[in-house]
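Please read the structure below before turning to the comments.
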Amino acid sequence: MATFLYRMGRAAFRRRWPVVLLWAVVLAAVGAGAAKAPAAGDEGTSFMPGIEAQKAFDLIGERFPGADADGADARIVFIAPDGEKVTAAGHRAAIDTLVEEAAGAPQVSGAVSPLQAGAVSEDASTAYATVSYGVSAGDLSDADKGALEDIIGEAREAGLTVEVGGSALAEQPAAGGAGEVIGIGLAAVVLLITFGSVAAAGLPLLTAVVGVGVSMCAILALGSTLGLTMTTGTLASMLGLAVGIDYALLVVSRYREERAHGHEPAEAAGLAVGTAGSAVVFAGLTVVIALAGLSVIGVPMLTKMGLCAAGAVVLGVLVALTLVPALLGMWPNAVLSRTARRRADRTRGKDNGGTRWARFVLRRPTAVLVACVVGLGVLALPAADLEMGMPGAEAKPVSSTERRAYDALADGFGAGFNGPLTIVADVGDAADPEAAATTIAEQIKNTDGVVSVSPPQFNAADDTALFSAVPSTGPSEGTTKDLVQTIRGERPGLEEATGATFEVTGSTAMNIDVAQSLQDALVPYLIVIVLLSLVLLMVVFRSVLVPVKAAIGFLLSVLASLGAVVAVFQWGWGAELLGVEQAGPVMSLMPIFLVGIVFGLAMDYEVFLVARMREAYVHGERPAQAVVTGFRHSARVVAAAAVIMIAVFSGFVGSGESMIKTIGFGLAVAVLFDAFVIRMAFVPAVLALLGHRAWWLPRWLDTVLPRVDIEGTGLTREPAPVQGPSGDGTRPQEPARI
């Protein structure tokens, strides 16, 4: 692989203009496709096939064909001034006028006055009207939304406080543009400090932006066809930007190192791609496998997110292997520091911060190891209390009308009113369908924790009844989850008594079922990821204990990051500093997505750092000295790469989307723990204690495992004479064959 990548790097360096032109054409083509593509629609109704709530949801669509379960809705909440009632003549007239005008608005399929439907609180301080649309929220035009907003404005002028919940006017989070800008700005500062050259700092940023641009335009172009959402694109851009900068950083850093060793530019570019590029390919492969592996969980949304992010990572790898050496060919000396341009190779072998830190760890490996394990173990403790859910309007900022509508309904009608349970009863086999449905409704109404049950509504065939049950507790509370399980536990007895069956669905039950399924899948997925890391690293490092050490380190970092997420987003520790309005269950998709991404990033740093240690060890250095050599060459680059990733991920913490905010925070702290605690302290401490045993591999396993020259040992040789001050590399030296 190293030889192939070496030739690719040299070819890109020498044929730089065609390579750059090709990437420009690709970017322009996908950009044009994105501009002409229709806007992406909603995610769809099938969130997680196989769970009860989804089966019941599908049954409703089948038995009640006239109802559009995906249609947008606006729950308009009316709040009377203090001491007044919404039933007063003036307020009643304003409400009736609003409902009448809303019913006649475009795309509206129905609107009923709360005064006719009985949707008024006991103290008459609050009422609500539901406006239903015949199309999904994504298909509503700005004119449709504007018409409803104008009608609401008239009611507010009449003296009522009016808030709006539901999907019709829900504020859509931005695509994450501010996050990318913040991340790029911080990354630029880190790169400038690391390289001491504007060109060297700007090149990784430029190439990463190209890669992200291609991936984002492709997602926008295919969004409508594949059902991709804004969240999917934001996560892909987050990862694509982070790994794109890191991979380019690694290649540019190795290029500068080879130039310092006396190689002419074309040769240095080839060696950089052959060595650092091999690490990039393997690191990218681990990230792609981890992300693509999310498809086995069985959640379509999670599958799309994982595959799109994996595609962005693949583009980051391709950019690092082709566009980076091509741009180096255009400015072969610009990326070098001023000192390196004046004198080459004078710092070779000298101590730096990495070597000093490595020797510090090697002198006291046991103490460092214990400190790492205990520290991360303590941070991981909150993960044992992990509760997963799908936060709704209660997690939005109080400045939003959705949150104010949620709070007003909870105050006027009870906490459970915002999360009613939908019961669909299949009464086709019952001797008396109406009596069976009534019996089921009465039994559920008498269940502790249920406030009220609506009268059953039958379909045209009279074989299915539909009604709702309002819990006494909020949709994200654990008591509501217990209530759902209690109701489902009553099913066998009711089936025997009535001959009919029923299922529980609705947004609250759907969120509960999804959270439970994902929580059940978290540990098996974690086990698969750990086993995968053992196999991949065994192939790369040809060692048994180094992969085991890496897997243990990965577990420590991912559990500590989950613990931090639970402490902040579930327990509320420091939540206000991150703009988290309401602590509660962690977003259901987040933990599994975090595990997959952290696995890939952890293997990135493992390869970047330990590959140089193995390279030194196989060239004859003693284990301790190999650790020092690896830190001399890689510690600064790994630290810079980690800081860049932390900066990029932290930029998304300010997102208004709960999923993006949580993942941005989780990834930032995960990279912090993995790069600076595990790779910089835990790894050298373990290698120091193991000594030669760290690189032991049974002979039979050595013959079975495929050989991957990730260290580029087949490319090792003395540098060729530089062929002039410009160093255009027109007469390269061929690499040794392997």
Side-chain angles (χ1 to χ4, degrees), residues 47-48 51 53 235 290 293-294 296-299 301-302 305-306 373 375-392 394-395 473-482 484-485 508-530 551-575 578 580-599 601-602 649 653 657-674:
F47 184 80
M48 191 172 187
I51 60 177
L235 290 171
L294 294 171
V296 304
I297 304 299
V299 182
M301 177 182 176
L302 194 61
M305 288 162 55
V373 173
L376 292 179
V378 171
L379 290 171
L381 290 177
D385 191 41
L386 174 65
E387 294 181 7
M388 297 198 295
M390 297 290 285
E394 76 277 9
T473 52
S476 62
E477 296 184 34
T479 308
T480 306
K481 176 181 177 181
D482 296 336
V484 171
Q485 301 307 326
T508 299
M510 183 76 75
N511 293 340
I512 291 172
D513 288 354
V514 169
Q516 187 61 52
S517 297
L518 292 177
Q519 194 158 348
D520 293 341
L522 181 59
V523 172
Y525 181 67
L526 190 59
I527 292 173
V528 170
I529 287 296
V530 170
I552 294 174
F554 160 69
L555 282 174
L556 285 172
S557 61
V558 75
L559 290 177
S561 61
L562 281 175
V565 169
V566 169
V568 173
F569 291 89
Q570 184 175 313
W571 292 357
W573 292 3
L578 300 179
V580 179
E581 297 283 345
Q582 180 71 39
V586 175
M587 184 75 68
S588 298
L589 298 175
M590 187 270 172
I592 284 185
F593 202 79
L594 178 69
V595 168
I597 297 174
V598 172
F599 165 74
L601 300 182
F649 294 146
V653 174
E657 176 65 37
S658 298
M659 179 84 169
I660 301 300
K661 182 189 292 288
T662 310
I663 287 184
F665 174 81
L667 290 179
V669 297
V671 171
L672 176 66
F673 297 151
D674 194 83

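Being a predicted model, the structure only gives us computed values, none of them experimental.
The side-chain heavy atoms of Pro591 and Leu562, taken from C-beta on, include a pair separated by under 4.5 Å.
The minimum heavy-atom distance between Val669 and Ala564, with the atom names listed, is CG2-CB, 4.2 Å. What you find for Ser588 and Val514 is that their closest heavy atoms are CB-CG1, 4.3 Å. Here the closest heavy-atom approach between residue Phe554 and residue Ala602 is recorded as CD1-CB, 4.1 Å.
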(request) Step by step, work out the side-chain contact (heavy atoms from CB on, under 4.5 Å) result for Ile663 and Leu594. (result) CA-CA 7 Å; Ile663 287 184; Leu594 178 69; 5.9 Å; no
(request) Evaluate the criterion side-chain contact (heavy atoms from CB on, under 4.5 Å) for residue pair Val598 and Ser557; output intermediate values, then yes/no. (result) CA-CA 8 Å; Val598 172; Ser557 61; 4.3 Å; yes
(request) Take Tyr525 and Leu294 through the side-chain contact (heavy atoms from CB on, under 4.5 Å) test and state the conclusion after the steps. (result) CA-CA 9 Å; Tyr525 181 67; Leu294 294 171; 3.4 Å; yes
(request) Kindly indicate, with the supporting measurements, whether the criterion side-chain contact (heavy atoms from CB on, under 4.5 Å) is fulfilled by Phe569 and Lys661. (result) CA-CA 10 Å; Phe569 291 89; Lys661 182 189 292 288; 3.9 Å; yes
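Summarising the geometry, atom CG belonging to Leu526 is positioned 6.5 Å from atom CG belonging to Leu559; distances are rounded to the nearest 0.5 Å. Atoms CE and CD1, on Met510 and Ile512 in that order, are 11.5 Å from each other to the nearest 0.5 Å. Interatomic distance, CG of Asp674 versus CZ of Phe599, reported as 11.5 Å (0.5 Å rounding). Separating the CE atom in Met305 from the CD1 atom in Ile592 is a distance of 11.0 Å, to the nearest 0.5 Å. Interatomic distance, Thr662 OG1 to Leu667 CG, rounded to the nearest 0.5 Å: 10.5 Å.
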Contacts under 3.5 angstrom, residues 379-390 side chains, donor-acceptor by atom type, not counting sequence neighbours:
unit_1, atom_1, unit_2, atom_2, d
Asp385, OD2, Gln570, NE2, 3.4
Asp385, OD2, Trp571, NE1, 2.8

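Counting only distance, with no hydrogens or angles, the side chain of Asp513 and the backbone of Ala53 share a donor-acceptor pair below 3.5 Å.
Remark: Thr473 pairs with Thr480 by the side-chain hydrogen bond (donor to acceptor under 3.5 Å, both in side chains) rule, at least two apart or across chains.
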